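Okay, structure first, notes after.
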Amino acid sequence: MRAIQVSAPGGPEALVPADLPEPVPGPGELVVRVTAAGVNFIDTYRRAGVYPAPMPHVPGDEGAGTVVALGEGVAGTTVGDHVAWADGSHGSYAELAVVRADRAVPVPDGVPDEIAAAVMLQGMTAHYLVESTFPVREGQTVLVHAGAGGVGLLLTQLARARGARVLSTVSTPEKARLSAAAGAEPIRYDQLEDLTAELPRIVRDLAPGGVDTVYDGVGRATFDASLACLRPRGGLALFGGSSGQVPPFDPQRLNSGGSLFLTRPTLGHHVATRAELEQRAGAVLGAVADGTLDVRIGARFALADAADAHRALEGRATTGKVLLVP
């Protein structure tokens, strides 16, 4: 089968096309013919060696496709079923992927595999952030960084559906248009000379006293501004680091900022059990199926062009979801 392999940590050029043996499912596993694989920042962290990963390895945690083989002990799934996953497979950048059966969820009728692949990780991330991390309530005002990104667009829609006002940060006129269409009030941070000093002033003009919550997947570049945008006892959910990891800081800053709350959540801890995975994935895929959640696929790349997909993602040249299509 065709696949993408990383043999040593490095830049996008470390993603090399390879011909590998077709996988065989072990106990409790599925082999899935991949319709589309999601491209995520965690893939770039593993490729670069920021997060440990075995070498060589086939990247990719997320995807959707058709089951072609079952391992021993698999129940409730049959060959021909359409399934999607956001973990349980380190190897989605391939024509065939082995997926743990207990981490695969059925794709509802009416939801194309590409859309399912595009919404699993980012959709469940947005869901846990507004549902569990800092639950959004009617009348609140929240700030979403990278409002035209995959998570940002979904976060905006879910927060708006719960009755919140959403401010967002974006970097281009096109991204501002997309973020506004999702229901946000976009702020062009590329027009600011000093993000840390100027963004909090703009946010506090729009939301006197500060926002209730900041959802920040950008990290180093936005962290200081995020803290300064919060009202007393507001919360910062730092769920990613697309601009780099936040360096150590003095927790006393949370006190001086107004008894602020800070958390660094991750999806794995919010779908730790099969029941929670089914509940969260079911809510997200169900919202897609009934038309209340719109999923934007911003770019599709051929499997062999995985390096270009990573360059586009890391260069912030994308909106919505980036997919690899074998």
Side-chain angles (χ1 to χ4, degrees), residues 11-12 39-51 122 125-126 129 133-134 141-156 159 166-176 178-179 182 184-207 210-211 213-230 234-251 253-254 256-257 260-266 298 309-322:
V39 180
N40 299 294
F41 272 101
I42 193 170
D43 304 341
T44 71
Y45 302 156
R46 292 195 180 108
R47 183 212 71 218
V50 175
Y51 288 1
Q122 293 179 340
T125 295
L129 287 169
T133 302
F134 290 120
T141 300
V142 304
L143 174 63
V144 175
H145 285 300
V151 175
L153 291 171
L154 299 170
L155 252 174
T156 297
V166 179
L167 310 179
S168 69
T169 60
V170 297
S171 61
T172 67
E174 171 64 10
K175 290 181 178 182
L178 290 171
S179 182
E185 300 169 45
I187 300 166
R188 290 276 303 281
Y189 69 80
D190 60 306
Q191 297 178 335
L192 306 180
E193 292 185 6
D194 185 338
L195 181 73
T196 300
E198 295 177 68
L199 180 63
R201 288 201 296 266
I202 295 171
V203 167
R204 289 175 181 275
D205 284 343
L206 294 169
V211 298
T213 306
V214 178
Y215 296 106
D216 188 343
V218 177
R220 181 186 289 268
T222 52
F223 180 75
D224 291 328
S226 294
L227 286 178
C229 288
L230 288 167
L236 169 55
L238 181 69
F239 65 92
S242 62
S243 69
Q245 302 306 307
V246 173
F249 77 104
D250 183 356
R253 289 179 60 189
L254 303 178
S256 61
L260 304 177
F261 294 86
L262 168 67
T263 184
R264 178 57 174 89
T266 192
H310 277 218
R311 291 186 185 99
L313 188 67
E314 291 178 301
R316 302 190 187 183
T318 64
T319 58
K321 185 68 179 186
V322 178

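Remember, it's a predicted structure, so these values are computed and weren't measured experimentally.
A pairwise comparison of heavy atoms in T263 and T133 identifies CG2-CG2, 3.5 Å as the closest pair. Listed here is the closest heavy atom pair of C229 and L143: SG-CD2, 4.0 Å. For the pair S168 and G147, the tightest heavy-atom approach, listed with the atom from each and the gap, is CB-CA, 4.0 Å.
A distance-only check finds no donor-acceptor pair linking the side chain of R47 to the backbone of I42 [under 3.5 Å]. Side-chain N or O atoms of R311 include none that pairs as donor or acceptor with a backbone N or O of A317 at under 3.5 Å.
Counting only residues at least two apart or in different chains, side-chain hydrogen bond (donor to acceptor under 3.5 Å, both in side chains) contacts with residues 216-229 comprise H145-S226, D216-T222, D216-S226, D224-R253.
Atoms CZ and CZ, from F134 and F261 in turn, are 7.5 Å apart once rounded to the nearest 0.5 Å. From Q191, atom CD reaches atom CD of E198 across 10.5 Å, with rounding to the nearest 0.5 Å. Taking CD1 of I202 as the reference point, atom OH of Y189 lies at 13.5 Å (rounded to 0.5 Å). Expressed to the nearest 0.5 Å, how far CD of Q245 lies from CG of L238 amounts to 8.0 Å.
Tested against V142 for a side chain to side chain contact (heavy atoms under 4.5 Å, CB included), the candidates L167, T156, T213 yield a single pass: T213.
Here T125 pairs with nothing under the side chain to side chain donor-acceptor pair (under 3.5 Å) rule; sequence neighbours left out.
Proximity of L154 to K321: side-chain heavy atoms (C-beta onward) are nowhere separated by under 4.5 Å.
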